[in-house]
Amino acid sequence: MEEARRWLEEASRIAVLTGAGISAESGVPTFRGAGGLWRQYRPEDLATPEAFARDPKTVWEWYVWRRKLISKAQPSAGHRALVELEERTPQFTLVTQNVDGLHDRAGSRNICKLHGDLWVVRCTACGRETWDGRTSFPELPPRCECGGLLRPAVVWFGEPLPPEAWQTAEEAMSAAEVALIVGTSAVVYPAAGLIPLAKQAGAKVIEVNLEATPYSGIVDKSFRGKAGEVLPQLV
Ligand code: BV8
Ligand code: ZN
């Protein structure tokens with residue numbers, strides 16, 4: 001722990017990658033852990049363009065369920081520790097796979113959202129994107145003024161990541177002296193590929209996760225524990 005703390009203190013360029021695990025202590029279910037299910041569905045079955053095309057109402061019911069839950073959640077000690085680390089690090093990029101907006105609410109500044117934002121909606125007809133904080137809608141699926149169906153502005157399985165976000169993430173992980181990987185099972189690509197990329201580019205890689213991941217063997221330090229407990233000790 002002491003050595004990892006020193007790496008973080010001495011680094012002037014830090015890149016962080018977070019996954020659903022950092023929001024678990026905020027009460028937001030993870031994708032693959034216990035409690036990650038909704039009704040009888042798996043996220044992989046709902047977070048796809050095919051599911052939305054087939055049954056937009058059910059997909060929207062899942063997102064409204066998540067909106068309600070997240071609106072009542074508070075950022076965790078893990079989210080807050082990353083804000084403190086950002087404030088004292090000259091070059092800091094927070095890359096997240098999460099769409100819950102908790103990093104924004106914690107006060108993080110330089111956030112790179114690889115999988116979009118649950119609080120933004122996009123019209124499938126005219127393409128307009130707007131921030132929409134509602135946790136209930138008069139009708140599901142909601143419609144745009146133009147009459148088109150609205151969808152959550154998130155990246156579903158089989159969809160490409162926003163090119164500018166991916167570019168920012170690659171550059172940050174390639175330039176980092178220290179890469180901090182928090183609360184991700186490291187099975188979803190291309191996001192998970194940022195971990196070996198940082199390692200190959202010469203970063204010291206620190207992983208904080210409740211369980212081992214496919215990359216636990218290549219990182220420099222792997223801390224088994226809760227983000228809300230380990231990050232405050234590291235920062
Ligand atoms: C793409 C947004 C190509 C939506 C998400 C085979 C078939 C089909 C596709 C593929 C395939 N093989 C590979 C693929 C590609 C696919 C993929 O990787 N699939 C995986 C499942 C095998 N990837 C894609 O489809 C990507 N797009 O490849 O496009 C393309 C290219 C060009 C042109 C056209 C197409 C898109 C992937 C993005 C999907 N969207 N979410 C929404 O959220 O509503 S992914 C979803 O998984 C979330 O974003 C989530 O963040 C992400 C990763 O999950 P994690 O964050 O890691 O969460 P998880 O629950 O898995 O793990 C939590 C971890 O935390 C656990 O390890 C747990 O132990 C730990 N933990 C728990 N509590 C704590 C904790 N740690 C610390 N403290 C705690 N308290
Ligand atoms: Zn529209």
Side-chain angles (χ1 to χ4, degrees), residues 17-38 41-52 59-60 62-67 69-70 76-79 81-82 95-103 113-130 141-163 165-166 180-195 207-216 222-232 234:
L17 173 67
T18 61
I22 197 166
S23 297
E25 290 154 272
S26 301
V28 181
T30 60
F31 272 72
R32 291 168 190 84
L37 288 182
W38 176 72
Y41 298 102
R42 286 178 339 119
E44 277 81 7
D45 303 333
L46 291 167
T48 69
E50 293 76 20
F52 185 74
V59 172
W60 260 107
W62 178 48
Y63 279 95
V64 166
W65 177 75
R66 290 170 71 189
R67 280 169 167 253
L69 192 141
I70 293 163
S76 68
H79 292 107
L82 294 181
V95 179
T96 187
Q97 300 171 85
N98 300 340
V99 298
D100 56 33
L102 288 174
H103 283 305
K113 297 179 181 177
L114 290 181
H115 296 158
D117 188 332
L118 170 127
W119 298 106
V120 176
V121 294
R122 180 170 68 234
C123 177
T124 55
C126 72
R128 224 161 60 87
E129 283 205 357
T130 41
R143 288 194 176 272
C144 172
E145 280 114 43
C146 82
L149 272 193
L150 292 177
R151 62 165 279 179
V154 299
V155 178
W156 282 329
F157 287 101
E159 294 186 321
L161 274 59
W166 179 248
L180 182 54
I181 315 298
V182 184
T184 181
S185 59
V187 297
V188 172
Y189 284 83
L194 292 170
I195 302 169
E207 178 187 59
V208 176
N209 208 59
L210 216 47
E211 63 196 0
T213 71
Y215 289 116
S216 296
S222 185
F223 294 101
R224 250 342 124 264
K226 291 185 174 183
E229 289 165 13
V230 175
L231 287 182
L234 276 176

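Atom set for the values below is all heavy atoms of this structure, side chains included, hydrogens, waters and symmetry mates excluded. As the structure lists them, so they are numbered: ligands from 1, and atoms in each ligand from 1. Everything numeric here is computed off the predicted structure, so don't read it as measured data.
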Trainee: Okay, side chain of Ser23, backbone of Ser26: is any donor-acceptor separation there less than 3.5 Å?
Mentor: no
Trainee: With a 4.0 Å cut-off on heavy atoms, does Gly225 reach ligand 1?
Mentor: yes
Trainee: Would you say atom 6 (C) of ligand 1 makes contact with the protein, given that contact here means a non-hydrogen protein atom less than 4.0 Å away?
Mentor: no
Trainee: Counting from 1, what ligand 1 atoms have a heavy atom of Asn98 closer than 4.0 Å?
Mentor: 51 (O)
Trainee: Return a yes/no value for Ala20: is any of its N or O atoms, backbone included, closer than 3.5 angstrom to an N or O of ligand 1?
Mentor: yes
Trainee: Protein heavy atom under 4.0 angstrom of atom 9 (C) of ligand 1, is there one?
Mentor: no
Trainee: Report yes if Val188 has an N/O atom closer than 3.5 Å to an N/O atom of ligand 1; otherwise report no.
Mentor: no
Trainee: Mind checking whether Val155 and Pro162 have side chains closer than 4.5 Å, heavy atoms only?
Mentor: yes
Trainee: Nearest non-hydrogen contact with atom 47 (O) of ligand 1 belongs to which option: Glu44, Glu159, Arg32, His115?
Mentor: Arg32
Trainee: Does an N or O from Trp156, backbone or side chain, lie closer than 3.5 Å to an N or O of ligand 1?
Mentor: no
Trainee: Are Thr213 and Ile195 packed together at the side-chain level, in the sense that at least one heavy-atom pair is separated by less than 4.5 angstrom?
Mentor: no
Trainee: Distance-only, no hydrogens or angles: does the Glu25 side chain make a donor-acceptor pair with backbone N or O of Ser76 under 3.5 Å?
Mentor: no
Trainee: Hey, what do you get for CZ (Phe223) to CG (Leu180), rounding to the nearest 0.5 Å?
Mentor: 9.5 Å
Trainee: Can you tell me the angle formed at the Zn ion (ligand 2) by SG of Cys123 and SG of Cys126, to 10°?
Mentor: 110°
Trainee: When rounded to the nearest 0.5 angstrom, what distance separates CZ in Arg42 from CZ in Phe31?
Mentor: 11.5 Å
Trainee: Leu161 versus ligand 1: do any nitrogen or oxygen atoms come within less than 3.5 Å of each other?
Mentor: no
Trainee: Going by heavy atoms in the side chains, are Arg224 and Ser216 under 4.5 Å from each other?
Mentor: yes
Trainee: Under a 3.5 Å cutoff, is there a donor and acceptor pairing between the side chains of Thr30 and Arg32?
Mentor: no
Trainee: Considering only protein heavy atoms, which is closest to atom 22 (C) of ligand 1, and at what distance to one decimal place?
Mentor: Val187 O, 3.8 Å
Trainee: Looking at non-hydrogen atoms alone, which of Arg224, Lys226, Glu211 comes nearest to atom 66 (C) of ligand 1?
Mentor: Glu211
Trainee: Without swapping roles, check the side chain of Thr124 against the backbone of Leu149 for a donor-acceptor pair under 3.5 Å.
Mentor: yes
Trainee: Nearest protein heavy-atom contact for atom 45 (S) of ligand 1: which residue, which atom, what distance?
Mentor: Phe157 CZ, 3.7 Å
Trainee: Nearest to atom 63 (C) of ligand 1, what protein heavy atom do you find, and at what distance?
Mentor: Gly183 O, 3.6 Å
Trainee: Answer with yes or no whether Thr213 contacts ligand 1, where contact means a heavy atom under 4.0 Å from a ligand atom.
Mentor: no
Trainee: Which distance, rounded to the nearest 0.5 Å, do you find between the CD of Glu129 and the CZ of Arg151?
Mentor: 9.0 Å
Trainee: Would you mind checking which non-hydrogen protein atom is closest to atom 4 (C) of ligand 1, with the distance to 0.1 Å?
Mentor: Val155 O, 3.6 Å
Trainee: From the options Gly158, Ala47, Ser185, select the one whose nearest heavy atom is closest to atom 35 (C) of ligand 1.
Mentor: Gly158
Trainee: Who gets closest to atom 26 (C) of ligand 1 by heavy atom: Tyr189, Trp166, Phe223, Trp62?
Mentor: Tyr189
Trainee: Could you state the interatomic distance from NE2 (His103) to CG (Asn98), rounded to the nearest 0.5 Å?
Mentor: 5.5 Å
Trainee: Which option out of Gln97, Arg66, Glu207 puts a heavy atom nearest to atom 52 (C) of ligand 1?
Mentor: Gln97
Trainee: Quick test of your reading of the structure: of Pro163, Gly193, Gly19, Gly21, whose heavy atom lies closest to atom 65 (O) of ligand 1?
Mentor: Gly21
Trainee: Between atom CG of Asp100 and atom OG1 of Thr18, what is the distance when rounded to the nearest 0.5 Å?
Mentor: 8.0 Å
Trainee: Find out whether Phe157 and Pro43 are in side-chain contact, i.e. whether some heavy atom of one side chain is under 4.5 Å from a heavy atom of the other.
Mentor: no
Trainee: Rounded to the nearest 10 degrees, what's the angle SG of Cys144 makes with SG of Cys146 at the Zn ion (ligand 2)? Could you check?
Mentor: 110°
Trainee: Does the protein place a non-hydrogen atom closer than 4.0 angstrom to atom 56 (O) of ligand 1?
Mentor: yes
Trainee: Establish, yes or no, whether a centroid distance under 6.0 Å links the rings of Phe52 and Trp156.
Mentor: yes
Trainee: Any protein heavy atom sitting closer than 4.0 Å to atom 14 (C) of ligand 1?
Mentor: no
Trainee: Relative to the heavy atoms of Asn209, which atoms of ligand 1 are at a distance of less than 4.0 Å?
Mentor: 64 (C), 65 (O), 66 (C), 67 (O), 69 (O), 70 (C), 76 (N)
Trainee: Starting from atom 80 (N) of ligand 1, locate the nearest protein heavy atom and write down its residue, its atom name and how far away it is, to 0.1 Å.
Mentor: Glu25 OE1, 2.9 Å
Trainee: Mark up the atoms of ligand 1 that fall under 4.0 Å of a heavy atom belonging to Tyr63, in ascending order.
Mentor: 4 (C), 42 (C), 44 (O)
Trainee: What's the shortest distance from atom 76 (N) of ligand 1 to any protein heavy atom, and which residue and atom give it?
Mentor: Leu210 N, 3.3 Å
Trainee: Where is the nearest protein heavy atom to atom 34 (C) of ligand 1: which residue, which atom, and how far?
Mentor: Pro160 CD, 3.7 Å
Trainee: Side chains of Thr96 and Ile22: does their closest heavy-atom pair fall under 4.5 Å?
Mentor: no
Trainee: Tell me which protein heavy atom sits closest to atom 78 (N) of ligand 1, plus the residue, atom name and distance to 0.1 Å.
Mentor: Ala227 N, 2.9 Å
Trainee: Does Arg122 come within less than 4.0 Å of Glu159, counting only side-chain N to carboxylate O?
Mentor: no
